Number of protein chains: 2
Amino acid sequence: MVDEICHICNDKSTGKHYGAISCDGCKGFFRRSIRKRYHYQCRFEQNCDVTRNKRNACRACRLQKCVKAGMKSNAIQNERDAIGKRKKASATEKEDLIDQLVAAETLCQQLRSSVIKNTSSLAPYDCGKVKWNYEDARAATLDDIGKSIHQQLVLFIEWAKSLPQFSFLAQADQAALLKGGAAAMMVLGVAYRSICLKMDNTICLANDTLLSKEQAETVGDINGVVTRIISEIVNPMRRMNMDLIEYVALKAILFFNPVVREINDQNSVETARFAFLRSLQRRCTDKALENMEDEMLECRSGKLLLLLPSLQAIAQQLVEDVQLARLFGLVNVDSLMEELILNEIKPSETQVLQTSLSSPMSTIKAEVEVEE
Amino acid sequence: MVDEICHICNDKSTGKHYGAISCDGCKGFFRRSIRKRYHYQCRFEQNCDVTRNKRNACRACRLQKCVKAGMKSNAIQNERDAIGKRKKASATEKEDLIDQLVAAETLCQQLRSSVIKNTSSLAPYDCGKVKWNYEDARAATLDDIGKSIHQQLVLFIEWAKSLPQFSFLAQADQAALLKGGAAAMMVLGVAYRSICLKMDNTICLANDTLLSKEQAETVGDINGVVTRIISEIVNPMRRMNMDLIEYVALKAILFFNPVVREINDQNSVETARFAFLRSLQRRCTDKALENMEDEMLECRSGKLLLLLPSLQAIAQQLVEDVQLARLFGLVNVDSLMEELILNEIKPSETQVLQTSLSSPMSTIKAEVEVEE
DNA sequence: AGCAAGAGGTCAAAGGTCGC
DNA sequence: CGCGACCTTTGACCTCTTGC
């Protein structure tokens, strides 16, 4: 109370520091000086004024006055551990994983643009979600559904191929992951893309056509797959305001499924899955800290993961729908769909999948055209 | 007297704290770390010196050494009443949730014992898992499968009714949750029960009969549901050494599904789900801290949640199998199974479900006998 | 009643952060 | 790149509860 004045520079003090009543400025200055073992030299007569306004003019005299005022260098402790707090969290190694996924996503977005440019105009995108004001899209036809599924499958393969965790696997395991995850990955993609749509009974397919519940029911969606996608996936995603990073992480976690049918190297897949899981959890806790929504966000990663059971169930139903639709000749099932969605086994020389896996990415546009 | 030295940092100790001889610094550090559930990360090789002067340089290593020295996180008590504090006992509230679930589980185990006592001897149980040395059980017949499913369904309803979060819901929502979750809950129960079986191609049904893959295939398990349960659920559970608390929490999270078909009061269900999710995550971080398996356990709750997508898919396949089996007259489907597993809608006056929901628990034994 | 242990809590003075 | 206003963590020093 009485001693509110810094004994070094007469600024307002913030208490005792290193043995002297001082301000935060002199406190910090003294610590930095001692820590870095600075040896300053006065360019004048060693008697410079050290006051609030002039204290930065001569470091030698300021340090000297710190000592005179009673600051002890042995009160300076060793460096401590970092205390990750304020805004910009330091970029860590784990960021790399996320960055890699975002890069893979971007790549696929670009590929997609080049592939579907023949169909009308491209929808405006925002972080992989179509923009909320994009409503002039045309409604999807049965043909659009087939085409968009095919497109998503092709992009799905390219996406996977761009991930090192995937390409290190044996080709048989690569095929197993692709087959086991295709349907769910498609549903996840469609759901995320549809987050920003204004109409809450509609989803946006991969070729930017819109499919409403009602429409879907007229073209064979007897089990209400579209309805389920909206109520069980899109709406929860909306409510929790899911972002791109969370989407790509969830996608990777879903994809690297160590218990998928026919997998051999479970360990590598599991390792990859858990690495992505850790990234997601890190990112979620970081986000929670930033927004200070402590209680609400502390289990955000859990909430995200809890989208997956529904997703899995819906994907399975979708597969059954496609099987049924084919049975009734409603939909054109190409060989990629047969292999990835319907899990039909083909003689290996005719497998489109195997061809895709071993071909470089540049050929994919051609491949799409061949298929059509 | 001999032990005046802090077992963590070699500073002067002030006695035993949380199970280890330690100084006030390490005491305070440990308490703060556990209370705030900090997750530190070593920036080096996890082998930093933890001595008087360097103890603040790496919190990860310091905390690790606290645990190694014998400090127990369960010795940390709840925050005491601070006069001006507003927060109540949110810490104990979560313990209560888990306790409540364990109580519900125990209750069902007891009910089960009384219900199946007519069939041979009871298997020795350990935390809801049959003991590893229980191998003299008889193999399950087709009839056993039907009976065990029925039993599980009855117990499932009683389990749910014993949870306040469930009984506060409207009856229609109660029915929706039961219908939507029955199959998956059954699979989860069977899987957990089978964790300790020695034979890795066998599961243990609810009436303590054993069902092997091969056997299952001869009685209509064309889709390999048993194989999938083992490889996708039981084995992962084994590998991560899942315990009872994790099981009951996961079960509750699975059950309180806010996006289940026909649900009205999504919010209440979601609130319940997230409360259980928080409990699970809390418990997992606690366990990670205790065992100091930092890296491996930090995403344990995520790993547990990732059992659910497979579970959901298997449950769905199980339902289809049962439908098929009934079609071929292979299995006796009673009305409870029709309502809960096959989701068939009955005129409400004949609904067994509705009867179960409104009857007190004491009548369940009679009910089981009526059904047979 | 008294007292030693070991829980809990407090807050001055260390530390670190990061826009400028 | 250092400065310094502002925030977090530490630990010496208390109080409170429990069991003997």
Side-chain angles (χ1 to χ4, degrees), chain A residues 1 3 6 8-9 11-38 40 50 52-60 62-63 66 70-91 289-290 292, chain B residues 1 3-4 6 8-36 38 40 43 50 52-60 62-63 66 70-85 87 89 91:
Chain A
M1 284 299 151
D3 258 329
C6 171
I8 290 112
C9 71
D11 197 357
K12 227 177 105 180
S13 93
T14 58
K16 216 186 230 188
H17 300 292
Y18 313 117
I21 307 285
S22 58
C23 64
D24 267 336
C26 291
K27 168 195 164 191
F29 170 76
F30 187 71
R31 180 176 56 222
R32 282 191 298 270
S33 299
I34 301 299
R35 282 262 177 77
K36 299 201 169 177
R37 296 188 166 70
Y38 281 141
Y40 309 125
V50 184
R52 166 120 176 71
N53 292 319
K54 297 184 202 157
R55 66 189 176 199
N56 285 316
C58 177
R59 290 165 165 177
R62 188 182 192 184
L63 185 56
C66 283
M71 283 195 173
K72 302 287 178 202
S73 59
N74 58 359
I76 303 284
Q77 306 174 351
N78 289 323
E79 276 192 42
R80 289 186 184 172
D81 205 355
I83 52 168
K85 226 237 31 170
R86 246 143 118 178
K87 275 187 183 174
K88 252 204 166 178
S90 54
L289 281 175
E290 258 176 54
M292 303 287 283
Chain B
M1 313 307 106
D3 258 330
E4 292 190 315
C6 170
I8 290 111
C9 70
N10 293 347
D11 197 358
K12 228 180 104 180
S13 92
T14 58
K16 211 185 231 189
H17 301 293
Y18 314 118
I21 308 282
S22 58
C23 62
D24 268 338
C26 290
K27 169 196 163 187
F29 171 76
F30 188 72
R31 184 179 53 224
R32 284 191 300 269
S33 298
I34 300 297
R35 281 262 177 77
K36 298 194 162 182
Y38 278 140
Y40 308 126
R43 292 175 297 169
V50 183
R52 167 111 178 68
N53 291 320
K54 295 183 199 159
R55 66 188 176 200
N56 284 315
C58 177
R59 283 124 101 218
R62 189 183 193 183
L63 184 58
C66 283
M71 284 193 173
K72 299 288 174 206
S73 58
N74 56 353
I76 306 281
Q77 305 174 349
N78 293 324
E79 274 183 61
R80 290 184 182 165
D81 288 339
I83 310 160
K85 284 282 180 184
K87 271 192 181 171

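No experiment lies behind these values; they were computed from the predicted model shown. In what follows, chains are A, B, ... by sequence order, proteins preceding strands, each numbered from 1.
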Worksheet entry | Candidates C/dG15, D/dT10, C/dA7 - which lies nearest the side chain of A/Gln77 | C/dG15
Practice prompt. Write down the atom of A/Arg55, the atom of A/Cys9, and the distance for their closest heavy-atom approach.
Written response: NH1-SG, 3.3 Å
Discussion item. What is the distance, to the nearest angstrom, from the CZ atom on A/Arg62 to the C1' atom on D/dG2?
Written reply: 11 Å
Worksheet item: Would a 4.5 Å heavy-atom cut-off, applied to side chains only, mark A/Ile76 and A/Arg31 as touching?
Response: yes
Worksheet item: Atom NE2 of B/His17 to atom C1' of D/dT10: distance rounded to whole Å?
Response: 15 Å
Worksheet item: Taking atom P of C/dG15 as reference, at what distance in whole Å does atom CD of A/Glu79 sit?
Response: 10 Å
Worksheet item: Within this structure, what is the CE-to-P distance between A/Met71 and C/dA13, rounded to whole angstrom?
Response: 12 Å
Worksheet, complete the sentence: Of all heavy-atom pairs linking A/Lys12 and A/Cys23, the shortest is O-CB, 3.2 Å
Worksheet item: With side chains defined as the heavy atoms from C-beta onward, is the minimum distance between A/Arg62 and A/Cys26 less than 4.5 Å?
Response: yes
Practice prompt. Could you check whether A/Lys36 gets within reach of a base, just the sugar-phosphate, or nothing at all, counting any heavy atom under 4.0 Å?
Written response: sugar-phosphate
Fill in: Any donor-acceptor N/O pair under 3.5 Å between C/dG15 base and A/Arg35 side chain
no
Discussion item. In this structure, how many angstroms lie between the P atom of D/dT8 and the CZ atom of B/Arg59, rounded?
Written reply: 12 Å
Worksheet, complete the sentence: For B/Phe30 and B/Lys72 the tightest heavy-atom approach is CE2-O, 3.6 Å
Worksheet entry | Candidates B/Ile34, B/Asn56, B/Ile8, B/Leu63 - the one meeting side chain to side chain contact (heavy atoms under 4.5 Å, CB included) with B/Phe29 | B/Leu63
Response to the item:
CE (A/Met71) and OG (A/Ser33) are apart, to the nearest 0.5 Å, by 10.0 Å
Practice prompt. Specify the separation, in whole Å, of atom CZ of A/Phe30 and atom C1' of C/dA14.
Written response: 13 Å
Response to the item:
Atom NZ of B/Lys54 and atom P of D/dT10 are separated, to the nearest Å, by 18 Å
Practice prompt. Give one of base, sugar-phosphate or nothing for A/Arg32, where a contact means two heavy atoms less than 4.0 Å apart.
Written response: base
Practice prompt. Take nucleotides 12-20 of chain D nucleotide by nucleotide from the 5' end and write B, S or -, depending on whether a protein heavy atom sits under 4.0 Å from the base, only from the sugar-phosphate, or from neither.
Written response: BB-------
Item to complete: Tell me whether the OP1 or OP2 atom of C/dG8 has a side-chain N or O from B/Tyr18 closer than 4.0 Å.
Response: yes
Worksheet item: To the nearest angstrom, how far is A/Asn78 atom CG from C/dA14 atom C1'?
Response: 12 Å
Discussion item. Below the 4.0 Å mark, does D/dG11 have OP1 or OP2 next to a side-chain nitrogen or oxygen of B/Asn56?
Written reply: yes
